[in-house]
Amino acid sequence: MSERLLSYQSPGRVNLIGDHTDYTGGLVLPMAIDRYTTIRGTRAPKTVRLRSQSEPEPVEFQLPISSPEKITPIWGRYIAGVAAEMQNNAHGFDGEISCTIPIGAGLSSSAALEVATALALGDTGTPVERAKLCQRAEFRSVGVPCGIMDQLAVTSGVRDHALLIDCHELTISPVQLPNDTKIIVQFIAERNLATSSYSKRVAQCGVAEKIVGPLRLASLPALTGITDKTVFQRARHVVSENQRVRDFAAMLRSDDLESAGRLMIESHNSLSQDFETSTPQMDAAVATAISQPGVFGARMTGGGFGGCIVILADANAKIDGWQVRAVNAASQLI
Ligand code: GLA
């Protein structure tokens, strides 16, 4: 077994448009961003031992592991979940984690941790296989029934491109980002998806699908068969959001940033009113952002209930927040 120092890095992601569509096999348009989780260390035979610069307690367990949901400290469950999904293909690792992705901000710090862990423990799958493995790990270890967007965005990022992802087919089409723009993320509030109403939203979409079939194939007129007002609104968001993702990708490709920005605002309003995953603070931040000169559009991004908003602006606009750039997928560094 080699004692060579190894280093693996996974980016976070921001979603430009297409939220709460992935778990019904819909369309999303995220990009991997220049904020990272990095794991450095050496291979170890059968022990996983990791310290995190942002956590007081390290995680340590023996391989193979069968009950990752029982590991403490709790952050270690993401690590253990990945190891459990890799079964006998995981090797041990002794190292340290550092992270420049804010935790609980809707920028996929969990997916980045899972994917960097999979690489460090020796995963050799394709980007799609790795994303699926990490998605299963998240559900198994922390119980979040998340879709595939976050994990796919960080295993498949392409520099200077957003990724048009069909979450049913699992196909990824990179869409070049226009040169003369910038993408800004504004942090609004910390949140935890596991304790939010995220799984309730997933369940409500499931109820809608029992009535009208797969939402990814449904049209707005077909939704009139849904009599429950809340379920109808959830379904209307998903169906209209899928169309906005298609249109947004076309607008980016034709450099029509005004129209792209309008679609972001419509997406935000749909998430706020129909899907109810925004908050008054996020609504206010979006309203402020879109009133500023040089801003094309803004919206809540990710799971919601807090987290961040994302802003598309002219390269010269003066906007508070973090400018993020689209980067390549998770990889081994040394
Ligand atoms: C979270 C989940 C994703 C996706 C978004 C909402 O980030 O992990 O799978 O559902 O929320 O678009």
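Whatever order the structure lists them in is the order used to number ligands and atoms, beginning at 1.
Taking every non-hydrogen atom of G303 and a distance limit under 4.0 Å, the qualifying atoms of ligand 1 come out as 1 (C), 5 (C), 6 (C), 7 (O), 11 (O). Contact atoms of ligand 1 toward M149: 4 (C), 5 (C), 12 (O) (distance under 4.0 Å to a heavy atom of the residue). When each atom of ligand 1 is checked for a heavy atom of C146 under 4.0 Å away, the hits are 2 (C), 8 (O), 9 (O). Atoms of ligand 1 found under 4.0 Å from any heavy atom of R13, numbered from 1 in the order shown, are 7 (O).
Under the 30°/60° scheme for interplanar angles, the aromatic rings of H20 and Y198 are found to be tilted.
Geometrically, ligand 1 and G18 share no nitrogen or oxygen pair separated by less than 3.5 Å. The shortest N or O to N or O distance between N15 and ligand 1 is not under 3.5 Å.
At a 4.0 Å heavy-atom cut-off, ligand 1 touches D150 through the side chain alone.
In this structure a side-chain-to-backbone donor-acceptor pair under 3.5 Å is missing from D94 to A44. Distance alone, capped at 3.5 Å, places no donor-acceptor pair between the S267 side chain and the L263 backbone.
The nearest heavy-atom contact from the protein to atom 10 (O) of ligand 1 is Y198 OH, 2.6 Å.
Ligand 1 has at least one atom lying under 4.0 Å from a heavy atom of L193.
Ion pairing of E241 with R244 is present here, as a side-chain N (NZ or NE/NH1/NH2) and a carboxylate O approach within less than 4.0 Å. Between E60 and R49 there is a salt bridge, with a side-chain nitrogen of the basic residue lying less than 4.0 Å from a carboxylate oxygen of the acidic one.
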